[in-house]
Structures are given as C-alpha cells and as structure tokens.
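Contents: one structure, followed by commentary.
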Amino acid sequence: MNTLLWVVLPYACLAVFVAGHVWRWRHDQFGWTTHTSQLLENRLLRLGSPLFHLGAFGVIAGHAMGLLVPASLTAAVGISEHTYHLVSVTGGTITGVMLVAGLALLIARRFVSGRVRRVTTTMDKILYAALAAMVVLGMSGTVVINLFGEGYDYRETLAVWFRQIFYLQPDPSLMTGAPLVFQLHALGGFLFLALWPFTRLVHVWSAPLAYLWRPYVVYRRPLKSVGPRA
C-alpha cells in the first residue's frame with residue numbers, strides 16, 4: 001500500500017497532468033480560457049480575485065521554497081532553523097488567509113449571484129471543492145500543527161521524498177511517519193495536478209504570454225438612451 005500511495009500514485013498523477021494538457025490543447029483549444037463571468041457580477045470578483053491570486057502566488061512560492069530548497073542549503077547561507085521556521089509559518093499564515101478569504105468570496109459569488117450560478121459548470125464545482133479541501137489541509141498543517149501545535153519538520157521527510165520523485169528514487173518510508181494532515185495534503189496535491197488539465201486552470205499557462213500579442217479588448221458601459229434630436 002505504501003508503494004502504491006507514495007510511488008505509483010504520484011507518477012500516475014504527473015502522467016495525467018502532462019498527457020491531459022496535450023489532449024486538452026489538441027481537442028479543446030476554444031475551451032482554453034478562464035470562462036470569465038466578470039460581466040455577470042463584478043462586485044465580489046473585484047475583491048475576491050486579487051485576494052485569491054495573490055494568496056495563491058504566495059502559497060506556491062512558499063511551497064517551492066520549502067520543498068525544493070534543502071535544509072542544508074539554507075543552513076549554508078546562514079539562515080538558522082528558527083529563522084526559517086518563523087518566516088515560513090508567518091508567510092504561510094498570511095498568504096493562506098488571503099487565499100482562504102479570496103476563495104470564500106469566489107465560492108460565495110457562485111451561490112449569491114443567480115446569473116453566475118447558472119453558468120457554473122460541474123467541473124467548476126469540482127474544482128472549487130478540490131481547492132477548498134487543499135486549502136483546509138494546508139492551513140491545518142501550517143496553523144494547527146506548526147503554529148499552535150508541537151510542530152513538524154517536513155523538510156526532513158516530505159520535502160526529501162518530493163525531490164526524490166524527480167530523481168526517480170522516491171522512498172515511501174519517508175512519508176509513513178508524517179502526520180496524517182501532511183500525508184493527505186501531499187496526496188491531495190498530486191490528485192489536484194491530475195485534475196488540473198480538465199479545468200479552467202489551464203489558462204495560467206497561456207494568459208501571461210498571450211497578453212503580449214493579443215488585440216486590445218475594450219469593455220464599454222452602454223450609453224444612456226436619449227431622445228431624437230430636434
């Protein structure tokens with residue numbers, strides 16, 4: 001079972017992530033978009049979208065630093081474990097709260113606005129549910145265990161296992177002793193990657209570059225109707 005969870009499943013999810021994007025681009029280029037609903041409701045989106053995206057960028061950067069940068073490297077440049085832990089927990093909590101607030105507003109928008117609710121697809125609902133589960137698990141590990149709990153040094157186990165995946169030598173024993181919330185967060189992360197190509201999230205690979213050559217799109221408010229001129 002450990003081999004299935006910590007060796008087979010990650011590679012299967014990565015394979016679906018890559019193959020799914022290729023399939024999506026070849027068969028659904030017209031669906032390669034965010035499916036914006038800004039024209040249907042903008043008030044909650046105007047606040048929720050920046051909070052969600054800024055929080056997501058911060059969380060991704062924190063994960064990249066924590067998983068990809070070995071503890072030996074931060075120690076070599078003079079960053080103590082206490083300093084790293086303090087920055088990691090503080091930054092993770094702040095960006096996590098931003099992500100939670102933004103996601104909550106975006107989900108609420110889907111229920112509050114009837115017009116937005118009617119254009120919400122089944123895959124949108126699955127995506128929001130998966131995002132919510134990932135956020136809850138991540139915040140539980142950061143706040144409940146590392147901030148107010150006894151703490152857990154994931155860089156000695158989970159991060160090592162994660163890097164080993166790309167070396168093609170993952171050691172499942174590194175994950176068996178991790179707290180359950182970290183195990184679920186790791187598994188959820190790879191399952192989320194497998195879901196990614198089939199959702200609106202595919203736009204992140206093209207939107208930043210497409211703006212360099214796409215034509216301008218100007219949204220104008222409708223003009224007030226006026227009577228015939230004399």
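All of these numbers come straight from a predicted model, not from anything done at the bench.
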Qualifying residues under side-chain hydrogen bond (donor to acceptor under 3.5 Å, both in side chains), relative to [X], sequence neighbours excluded:
X: Ser80; value: Thr83
X: Asp171; value: Ser173
X: Arg155; value: Thr74, Glu81
X: Asp28; value: Arg24

Less than 4.5 Å apart, any side-chain heavy atom of Phe192 and any of Leu127? yes
Would you list the pairs meeting salt bridge (Lys or Arg N to Asp or Glu O under 4.0 Å) in which at least one residue belongs to [range], sequence neighbours left out?
range: residues 50-60; answer: none
range: residues 173-190; answer: none
range: residues 48-58; answer: none
range: residues 120-140; answer: Asp124-Arg200

Inter- and intrachain pairs under ring-ring contact (aromatic ring centres under 6.0 Å, His included), touching residues 125-162, at least two apart: Trp6-Trp161, Tyr152-Phe182, Trp161-Phe190, Phe162-Phe166
If you look only at pairs with a residue in residues 80-103, which of them pass as a ring-ring contact (aromatic ring centres under 6.0 Å, His included), with sequence neighbours excluded? none
Looking at the rings of Trp25 and Trp205, which for Trp means the six-membered one, are their centres under 6.0 Å apart? no
Report, one line per pair, each donor and acceptor closer than 3.5 Å where one atom sits in a side chain of residues 7-18; sequence neighbours left out.
{"from": "Tyr11", "atom 1": "OH", "to": "Ile165", "atom 2": "O", "distance (Å)": "2.6"}

Would you compute the distance between atom CG of Leu51 and atom CG of Leu105 and round it to the nearest 0.5 angstrom? 6.5 Å
Applying side-chain hydrogen bond (donor to acceptor under 3.5 Å, both in side chains) as the test, list every pair that has at least one member in residues 48-61; sequence neighbours left out. Ser49-His53
What heavy-atom pair brings Leu195 and Met123 nearest, and what distance separates the two atoms? CD1-SD, 3.9 Å
Steps toward side-chain contact (heavy atoms from CB on, under 4.5 Å) verdict (Val181, Ile145): CA-CA 9 Å; Val181 66; Ile145 294 182; 3.2 Å; yes
Within the distance-only criterion (no hydrogens, no angle test), does the side chain of His63 pair as donor or acceptor with the backbone N or O of Val59 below 3.5 angstrom? yes
